[in-house]
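Just so you know, these numbers use all the heavy atoms, side chains as well, and skip hydrogens, waters and symmetry mates. Remember, predicted model here, so these are calculated numbers, not experimental data.
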Amino acid sequence: MTHAFRPLTFCAALFCLSACNEDAPPAPAARTTVPASTIEGAAVTDAKTIPEAFRGSWAASAGDCETGATRVDIERGGLAFARSTGAVSSVTATGPDEIRITVKLAGEGALSQRSFRYRLIDGGEALFDVRSGLTRARCPA
């Protein structure tokens with residue numbers, strides 16, 4: 001009688017193995033798009049142009065708006081700090097109202113390529129530097 005159950009046992013084992021070998025369900029697709037910007041003019045539309053909402057002069061304090069160490073001037077095609085300036089190599093969106101700007105900086109006799117991540121906050125009236133944690137307010141025009 002034990003011989004009669006062998007084919008059933010064998011079939012049951014094959015069934016279990018075939019069930020185990022089924023492909024796993026596909027993993028969720030990686031997010032390839034960045035959510036839309038919530039501030040007008042903050043969306044990246046050109047990989048070499050800083051969006052309009054990010055442009056202007058920004059500083060950590062009102063006193064720095066004139067010529068202070070925390071001032072950054074953001075223009076269509078580049079950045080200017082107190083001691084260095086840089087032309088845009090690339091601009092990419094990294095989140096809603098957030099961009100990564102890669103620039104070729106020149107200043108104080110040195111050349112370097114740097115990336116900065118900036119996020120507009122307070123309805124576009126403040127600029128948060130994601131890497132340093134520094135928040136700058138928009139300077140009066």
When clusters are formed by joining ILVMFWY residues with side-chain heavy atoms under 4.5 Å apart, either directly or through shared neighbours, do I39 and F116 land in the same one?
yes
Take atom CD in E40; do more than 12 heavy atoms of anything else shown fall under 6.0 Å from it?
no
Which heavy atom of A59 sits nearest a heavy atom of C65, and at what distance?
CB-N, 3.8 Å
Apply the side chain to side chain donor-acceptor pair (under 3.5 Å) test between T70 and each candidate in D129, D64, T135; give the one that qualifies.
D64
Between I101 and V88, is the side-chain contact (heavy atoms from CB on, under 4.5 Å) condition met? List the steps.
CA-CA 7 Å; I101 305 169; V88 170; 4.2 Å; yes
What's the verdict on side-chain contact (heavy atoms from CB on, under 4.5 Å) for D73 and L79, showing C-alpha distance, side-chain angles and the deciding distance?
CA-CA 6 Å; D73 295 314; L79 303 176; over 6 Å; no
Which residue pairs pass the ring-ring contact (aromatic ring centres under 6.0 Å, His included) test with at least one member in residues 41-60, sequence neighbours excluded?
none
Minimum heavy-atom separation for S37 and D97, please, with both atom names.
CB-OD1, 3.2 Å
A quick test of your reading: do over 12 heavy atoms of other residues, nucleotides or ligands sit less than 6.0 Å from CZ of R55?
yes
Side-chain heavy-atom pair P51, V91 within 4.5 angstrom cut-off:
yes
Would you mind listing every salt bridge (charged side-chain N to carboxylate O under 4.0 Å, His left out) that reaches into residues 100-113, with sequence neighbours excluded?
R83-E108
Residue pair I50 / G78: nearest heavy atoms and the distance that separates them
CD1-O, 3.9 Å
Heavy atoms of A53 and R138 approach each other most closely as O-NH2, 2.9 Å
At their closest point, which heavy atom of A82 faces which heavy atom of A69, and how far apart are they?
CB-CA, 4.4 Å
